[in-house]
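In what follows, a structure is listed as structure tokens, so that the remarks can point back to it.
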Amino acid sequence: MSSSYCPLLSIVVPVYNVGGYLLDTLDSIAAQSYNNIEIICVDDGSTDGSGELLDLYAARDSRFAIYHEVNRGVSAARNFGIDKARGEIILFVDADDLLKPNACDVVRQAFDNDSQVDILKFSADPFPIELSSPWLTSTLSLDDEEYFGYSDKLVFYAKTRPFPWNGAYRLSFLRDHELYFPVGLTLGEDQVFSFATLGRSSRTKLLSDSLYEYRLSRKDSAMCVMAQDEKLRLQKHLQVVDRIMADWAKQGRFEGESGRSMLLFVADFLIFDVLNLEDQEGRKELLSELQRILSKHLTIDEIAQMLSCDRILKFYQQLLDHDGPSSFGASSVYSFVAELKGYKAAVFMFIDRAKSLLLAACGVSPTKDVRDDLFEDAPTVSEAIEALETRS
């Protein structure tokens, strides 16, 4: 790529062992209707031949810049891309997803129409749709909105988290605030980045236009693998909460409504699953770590002031007591749900669990999830290379 080439948009693609899916991703970026782009592909130490596919693709399209790095994780790869980017606007595309043909053009127009926008978030489509959940489909469907400065609604309630790939960022905004992805986290790094960027944005625009396709059919994805070990997943989520709260304190947002919103987020994001853990010792261990994290940033009096009108305050007070982590038993999750979402929600949860136990006692096994059949093995890199080489 010529050193005099000045792209308006930089697209960063972290790549690690995604198999032949990578070819479709590269094709979707190369086919953009807007051409003034650079594509920074960071090979994060792939061992499946992805690096060779990247080099072959870049030899056919000079807009692609390939960097082969040692494996340090997706955050380090994205950060490398941020440092290498030369465009005014930066997007992140995962190496097994697809960018819709008009995505860059829509993004360009949105930033051209408002020179003050720091962040643009847009809708996305999960695929195959049969594997999606109502939560995910809803989360990826945004309304047309605009926010000026900090807003609790934007950060916590406007469906702007947790993904970075359904967004575009003014590169100067990221660099001026030294905003990078947290290296060292293997799950939830997107949440940390979202809170850091949305919390500092001077102007954020949301678009209902769907510009991205999010693949759900990889059995070896980090989310699928982590879901098999509940305690490990929750330990990772504790690390995420620790990072988010540390940055929240750095931003000076532990006051008033933004502090309350953060405590409600922690309750919904983490605490329900911890209390729902069947392993008693594991539950105590995780609650002890949460107690430590909360105590680093807030006193019980400060929490009481933030949650003075919320029933969930009772949980936090119990947790931060000296012997708090030991005081939560297997049934504590019901009182927690009642405090967070109301007594009706707790009753429904109890009934659903009782039904499951009754079916199990009668020897009725859970119905196999038909969605399992929709998971697929990725095409191999060798197949993708062969397909690429046969093109004229």
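Everything numeric here is computed off the predicted structure, so don't read it as measured data.
Between Leu206 and Asp144 there is no side-chain heavy-atom pair separated by less than 4.5 Å. The shortest distance between side-chain heavy atoms of Val266 and Leu290 falls below 4.5 Å. The shortest side-chain heavy-atom distance between Gln191 and Phe163 does not fall under the 4.5 Å cut-off. With contacts defined as side-chain heavy-atom distances shorter than 4.5 Å, the pair Asn79/Val183 qualifies. Contact annotation: the side chain of Leu131 never approaches that of Pro126 to less than 4.5 Å [non-hydrogen atoms, C-beta and beyond]. With a 4.5 Å cut-off on side-chain heavy atoms, Arg60 and Leu388 count as touching. A 4.5 Å side-chain heavy-atom check between Leu198 and Thr204 finds at least one atom pair inside the cut-off. At least one side-chain heavy atom of Ile11 sits under 4.5 Å from a side-chain heavy atom of Leu99.
Side chain to side chain, Ser10 and Glu38 meet the donor-acceptor criterion of an N or O pair below 3.5 Å. Counted by atom type alone, Asn102 and Ser33 present zero donor-acceptor pairs between their side chains at under 3.5 Å. Judged purely by distance below 3.5 Å, without hydrogens or angles, the side chains of Asp48 and Ser50 pair a donor atom with an acceptor atom. Counted by atom type alone, Thr380 and Glu383 present one or more donor-acceptor pairs between their side chains at under 3.5 Å. A donor atom on one side chain and an acceptor atom on the other are not found under 3.5 Å apart for Ser123 and Ser208. In summary, the side chains of Glu178 and Tyr180 do not present any donor paired with an acceptor at a separation below 3.5 Å, with no hydrogens or angles considered. For Arg63 and Asn35, the side-chain atoms include at least one donor-acceptor pair closer than 3.5 Å. Checked by atom type, the side-chain pair Ser210/Asp125 shows a donor-acceptor distance below 3.5 Å. A donor-acceptor contact closer than 3.5 angstrom links the side chains of Gln251 and Asp247.
When the shell of 6.0 Å around CD of Glu255 is examined, it contains 12 or fewer heavy atoms from other residues, nucleotides or ligands. For Glu146, the CD atom counts as densely surrounded, since its 6.0 Å shell holds more than 12 non-hydrogen atoms of other residues, nucleotides or ligands. The number of heavy atoms from other shown groups lying within 6.0 Å of CD (Gln305) does not exceed 12. Enclosure of atom NZ in Lys284 is not indicated, since only 12 or fewer non-hydrogen atoms of other residues, nucleotides or ligands lie within 6.0 angstrom.
Screening residues 315-324 for side chain to side chain donor-acceptor pair (under 3.5 Å) gives Gln318-Ser327 as the qualifying pairs, with residues at least two apart or on separate chains.
Of all heavy-atom pairs between Asp44 and Gly73, the closest is OD2-N, 2.9 Å. Contact record, Tyr157 with Ser261: OH-OG, 3.4 Å, taken as the closest heavy-atom pair. Across Val12 and Ile82, no two heavy atoms sit closer than the pair CG2-N, 4.4 Å.
Checked for salt-bridge contact, Arg260 and Asp310 meet the test: a charged N lies under 4.0 Å from a carboxylate O. Between Arg108 and Asp112, at least one side-chain N (NZ, or NE/NH1/NH2) sits under 4.0 Å from a carboxylate O, which counts as a salt bridge. The residues Lys100 and Asp209 are annotated as not salt-bridged, no charged nitrogen and carboxylate oxygen being separated by less than 4.0 angstrom. The pair Lys296-Asp242 counts as a salt bridge, with a side-chain nitrogen and a carboxylate oxygen less than 4.0 angstrom apart. Arg283 and Asp273 are not joined by a salt bridge, as no carboxylate oxygen comes within less than 4.0 angstrom of a charged side-chain nitrogen. A salt bridge between Asp27 and Arg391 is present, with a side-chain N of the basic residue lying under 4.0 Å from a carboxylate O of the acidic one.
Using a distance-only test at 3.5 Å, with no hydrogens or angles considered, a donor-acceptor pair links the side chain of Thr25 to the main chain of Ala95. Remark: side-chain polar atoms of Asp268 are not paired, donor with acceptor, to backbone N or O of Leu264 under 3.5 angstrom. A donor-acceptor pair under 3.5 Å is formed between the side chain of Ser133 and the backbone N or O of Leu136. At distances below 3.5 Å, not a single donor-acceptor pair connects side-chain atoms of Ser295 with backbone N or O atoms of Arg292. Side chain of Asn166 to main chain of Leu140: no donor-acceptor pair is present (N/O by atom type, distance under 3.5 Å, no hydrogens or angles). With hydrogens and angles ignored, the 3.5 Å screen pairs a side-chain donor or acceptor of Asp118 with a backbone N or O of Ser202. Checked by atom type and distance alone, the side chain of Asp114 pairs as donor or acceptor with a backbone atom of Gln116 at under 3.5 Å. Panel note: side chain Glu289, backbone Leu286; no donor-acceptor pair is recorded below 3.5 Å. No side-chain donor-acceptor contact under 3.5 Å links Thr139 to the backbone of Lys159. In this structure, the side chain of Ser138 does not engage the main chain of Trp135 through any donor-acceptor pair within 3.5 Å.
Under the 4.5 Å side-chain contact rule for hydrophobic residues, Leu98 and Phe64 do not share a cluster. The cluster map of Ile, Leu, Val, Met, Phe, Trp and Tyr, joined by side-chain heavy atoms under 4.5 Å apart, puts Leu287 and Val241 in the same cluster. Using a 4.5 Å cut-off between side-chain heavy atoms of Ile, Leu, Val, Met, Phe, Trp and Tyr, with links allowed through other members, Leu9 and Trp165 fall into the same hydrophobic cluster.
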Report the C-alpha separation of Ile293 and Leu238 in whole Å, then their side-chain angles, then the decisive distance to 0.1 Å, and conclude whether the side chain to side chain contact (heavy atoms under 4.5 Å, CB included) test is met.
-> CA-CA 8 Å; Ile293 292 170; Leu238 276 166; 4.1 Å; yes

Would you sort out whether Asp43 and Tyr67 count as a side chain to side chain contact (heavy atoms under 4.5 Å, CB included), showing the intermediate values?
-> CA-CA 6 Å; Asp43 174 19; Tyr67 299 91; over 6 Å; no

Could you walk me through whether Leu187 and Gln239 pass the side chain to side chain contact (heavy atoms under 4.5 Å, CB included) check?
-> CA-CA 9 Å; Leu187 185 72; Gln239 295 174 8; over 6 Å; no

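Remark: of the listed residues Arg161, Arg243, Arg78, Arg78 is the sole one forming a salt bridge (Lys or Arg N to Asp or Glu O under 4.0 Å) with Asp190.
The line from NZ of Lys153 to OG1 of Thr160 is 11.0 Å long, rounded to the nearest 0.5 Å. Once rounded to the nearest 0.5 Å, the distance linking OH of Tyr34 with CG of Leu8 reads 4.0 Å. Note that SG of Cys41 and CG of Leu26 are 5.5 Å apart. Values are rounded to the nearest 0.5 Å. Between the CD1 atom in Ile66 and the CG atom in Asp55 there is a gap of 6.5 Å [rounded to 0.5 Å]. Atom CE of Met306 is separated from atom CD of Glu257 by 11.0 Å, given to the nearest 0.5 angstrom. To the nearest 0.5 Å, atom CZ of residue Phe173 and atom CD1 of residue Ile89 are 14.0 Å apart.
For Tyr150, the side-chain contact (heavy atoms from CB on, under 4.5 Å) partners at least two apart in sequence or on another chain are Asp152, Val155, Phe156, Trp248, Arg253, Ser258.
Aromatic ring centres of Tyr169 and Phe111 lie farther apart than the 6.0 Å criterion allows. Taking the centre of each ring, Phe122 and Tyr212 stay at or above the 6.0 Å mark.
Ring geometry, Phe328 versus Phe315: the interplanar angle falls from 30° to 60°, so the pair is classed tilted.
Cation-pi geometry between Arg203 and Phe148 is not met at under 6.0 angstrom from the ring centre and within 45 degrees of the axis.
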